[in-house]
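Numbering of ligands and ligand atoms starts at 1, following listing order.
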Amino acid sequence: MTAQLDAPHDLVGIGIGPSNLSLAALAHGLPRQGAGELATAFYEQRRDFRWHPGLLIEGATLQVPFLADLVTLADPASPWSFLSYLKHKERLFPFYFAEQFHIHRAEYDSYCRWVAGRVPGLHFGHQVDAVRWNPERDLFEVDFTQLDATGEAEALGRTHTRNLALGIGTAPYVPEPLRPLADAPTVPVIHSADYLDNRRRILGAEHVTVIGSGQSGAEIFLDLLRARPAGRERLTWLARTPSFAPMEYSKLGLEHFTPDYTRYFHSLPEPVRDQLVPAQWQLHKGIDADTIAAIHAELYRRTLHGGWPDTVLTPGVSVRTAGRVATTKVELHLEHTEQGTRSRLTTDAVILATGYQERPLGSLLAGLDPYLRKDSSGRPRIDDRYRMVLDPAVTGSVFVQNGERHTHGVGAPDLGLAAWRSAAILNTLTGKEPYPQPDRTAFTTFGLDQREHTRPRPAGELLPLVDHP
Ligand SMILES: Cc1cc2nc3c(=O)[nH]c(=O)nc-3n(C[C@H](O)[C@H](O)[C@H](O)COP(=O)(O)OP(=O)(O)OC[C@H]3O[C@@H](n4cnc5c(N)ncnc54)[C@H](O)[C@@H]3O)c2cc1C
């Protein structure tokens, strides 16, 4: 172990996805209390920045306008905006004429890699293993493993910081009955997150089943459909939801992704919040209407000269169990919930578009456990300034980015709130207001009693931690 007793940072970020990259970009060059600039360091286990590489399907776009880049909704004049990236690449005029509000996912990835290559203090190939509070030094200790190009441990290190920002994101979720199959390398059962790496193999399969009716499932079904010959598609798309439902995208519906709604949600009692998140599934789990239209158009095109595409699209179906048949085929045991019927499906490849789950904090934060205040379900309490509620003996803050859906609602993973959340964190951290934020962000007034969730006062001095139930 190379224990470095280095000068402590003001902020260490764990994970460099869009959330913490936004924080790093907005923190760059900010003055700290006292003199000098804010000292920050961010650690990411991957070798370099990659945004969902398995799902950069040709033609797939962001579900949010390009204004939801890493910085613009907090600071449109930032040098790290998407428009600055286009200027740097000498592509502003083509973009202007393209009139594209929803940019290609691959372009968003390139933009983020451009920022990640320029903002200082980002350390890739560093996996953070543990975090502790050191009461003698009033600092957090952060232990990491430096990884080589193959992902093997190369060296161990430690750094110290006054504050932390967790931005470890989500990991692919595989339902219990399918886990043994997904773990067996010989069977072509893959999570949608690995789609592009396996696309050629999947396209070679005689019959393919896609499970899951979210955006990823729809995009993969469409991509496979377009690549298979008419009349010999041999594709099945199954969903547990009662329909292939569109994502809510009405103007007032989108106001659920505003700071106003986030504050309202945070002010609600825990049981109400817990009921709301699953009830609002159509705000984030449905399919973008353009993708649904493209699927329908492609299916329709295949009927123009008579015949019918060899596809099955069935919602309302859950997979009870699954097993291998010989070494290459998979048998899925299905149940239709509304009909109460069961059947079996033999297929040659399965794509699990079954979503993602917040990465567990357990082992990473085990050293902080005695200081963490938790809710009735054992989840960390997070105050209205994105800080974990800690024992008052801890003088530093642990900020949470995209791990606060239980306290801040459906907007937690949304790219449209990332810059705003980063700005809110930096306003709190610096005790000044480098990024002034508007009082109102929605035309909807959420709730009758506004006192519970008015905007936190401009910083200047830190507010006491809100120990919300
Ligand atoms: C395919 C796809 C498309 C999406 N499209 C949109 C969209 O159009 N609009 C929208 O609003 N949202 C979208 N989302 C949702 C969301 O915006 C993204 O998931 C986004 O990547 C979240 O960013 P993040 O930084 O919070 O987490 P992540 O992108 O998951 O990044 C977290 C990072 O932390 C790293 N990490 C984890 N643990 C450690 C550790 N211990 N040490 C070091 N590093 C660690 C991981 O390697 C990872 O790189 C999409 C999600 C997916 C899956």
Side-chain angles (χ1 to χ4, degrees), residues 12-24 41-57 60-70 73 101-109 112-113 116 122-131 142-147 151 157 164-173 191-196 212 214-220 247 249 254 256-257 283-285 288 291 353-365 386 399-405 410-422:
V12 159
I14 306 176
I16 308 178
S19 300
N20 263 352
L21 187 57
S22 157
L23 185 63
F42 289 77
Y43 296 92
E44 164 59 45
Q45 60 198 7
R46 288 177 188 256
R47 296 297 307 162
D48 47 22
F49 186 92
R50 287 271 176 271
W51 188 63
H52 304 305
L55 280 163
L56 298 182
I57 297 172
T61 64
L62 286 194
Q63 256 70 66
V64 286
F66 73 91
L67 294 167
D69 66 10
L70 299 166
L73 288 169
F101 230 52
H102 291 90
I103 58 172
H104 286 252
R105 210 180 274 159
E107 189 169 33
Y108 178 76
D109 175 62
C112 288
R113 281 192 278 125
L122 308 187
H123 304 276
F124 289 89
H126 285 68
Q127 174 192 294
V128 175
D129 305 313
V131 171
V142 180
D143 288 348
F144 57 79
T145 304
Q146 210 172 314
L147 307 169
L164 282 165
L166 300 175
I168 60 174
T170 53
Y173 167 72
H191 191 274
S192 55
D194 301 316
Y195 174 63
L196 285 185
Q215 183 64 21
S216 301
E219 283 174 8
I220 290 172
M247 204 182 288
Y249 208 77
L254 286 176
H256 287 89
F257 299 96
L283 284 172
H284 54 107
K285 284 197 170 161
D288 155 57
T291 312
T354 43
Y356 295 76
Q357 268 186 343
E358 285 176 9
R359 282 200 171 84
L361 293 168
S363 64
L364 190 62
L365 295 194
Y386 298 98
F399 295 97
V400 181
Q401 299 228 69
N402 189 12
E404 74 286 15
R405 200 161 56 173
V410 286
D414 194 78
L415 296 177
L417 280 167
W420 185 88
R421 179 176 53 204
S422 298

### Query
Out of curiosity, Gln401 CD to Leu417 CG, how far, rounded to the nearest 0.5 Å?
11.0 Å
### Query
About how many Å separate OH of Tyr108 and CG of Leu70, when rounded to the nearest 0.5 Å?
4.5 Å
Side-chain ([X]) to main-chain ([Y]) donor-acceptor, under 3.5 angstrom:
X: Thr291; Y: Glu219; value: no
X: Arg421; Y: Ala412; value: yes
X: Glu404; Y: Asn402; value: yes

Side chain to side chain, [X] and [Y], heavy atoms closer than 4.5 Å:
X: Phe144; Y: Ile14; result: no
X: Trp420; Y: Leu73; result: no
X: Arg105; Y: Gln63; result: yes

When you look for heavy atoms under 4.0 Å from ligand 1, do you find them on the side chain of [X], its backbone, both, or neither?
X: Phe144; result: neither
X: Glu44; result: both
X: His126; result: backbone
X: Asn402; result: side chain

Closest to [atom] (judged by heavy-atom distance), picking from [options]:
atom: atom 1 (C) of ligand 1; options: Thr145, Asn20, Leu55; value: Leu55
atom: atom 36 (N) of ligand 1; options: Gln45, His123, Gln401, His284; value: Gln45
atom: atom 2 (C) of ligand 1; options: His52, Gln127, Gln63, Arg46; value: His52
atom: atom 9 (N) of ligand 1; options: Ile16, Leu56, Val64; value: Val64

Using a 4.0 Å cut-off to any heavy atom of [X], which atoms of ligand 1 qualify?
X: Tyr356; value: 53 (C)
X: Leu62; value: 8 (O)
X: Tyr43; value: 43 (C), 44 (N)

### Message
Quick check on the 6.0 Å ring-centre criterion: do Tyr356 and His191 meet it?
### Response
yes
Please list the nearest protein heavy atom to [atom] with its residue and the distance rounded to 0.1 Å.
atom: atom 5 (N) of ligand 1; value: Trp51 CH2, 3.5 Å
atom: atom 42 (N) of ligand 1; value: Val128 N, 2.9 Å
atom: atom 31 (O) of ligand 1; value: Gly17 CA, 3.3 Å
atom: atom 32 (C) of ligand 1; value: Gly167 O, 3.3 Å
atom: atom 29 (O) of ligand 1; value: Pro18 CD, 3.4 Å
atom: atom 11 (O) of ligand 1; value: Leu415 N, 2.7 Å
atom: atom 17 (O) of ligand 1; value: Pro413 O, 2.8 Å
atom: atom 28 (P) of ligand 1; value: Gly169 CA, 4.0 Å

### Query
Relative to the ring of His126, is the ring of Tyr43 parallel (under 30°), tilted (30 to 60°) or perpendicular (over 60°)?
tilted
### Task
Please indicate whether any nitrogen or oxygen in Ser19 is less than 3.5 Å from any nitrogen or oxygen in ligand 1.
yes
### Step-by-step salt bridge (charged side-chain N to carboxylate O under 4.0 Å, His left out) determination, Asp109 to Arg113
CA-CA 6 Å; Asp109 175 62; Arg113 281 192 278 125; 3.0 Å; yes
### Message
My understanding is that only residues two or more places apart in sequence, or in another chain, count here; which of them pass side-chain hydrogen bond (donor to acceptor under 3.5 Å, both in side chains) with Glu44?
### Response
none
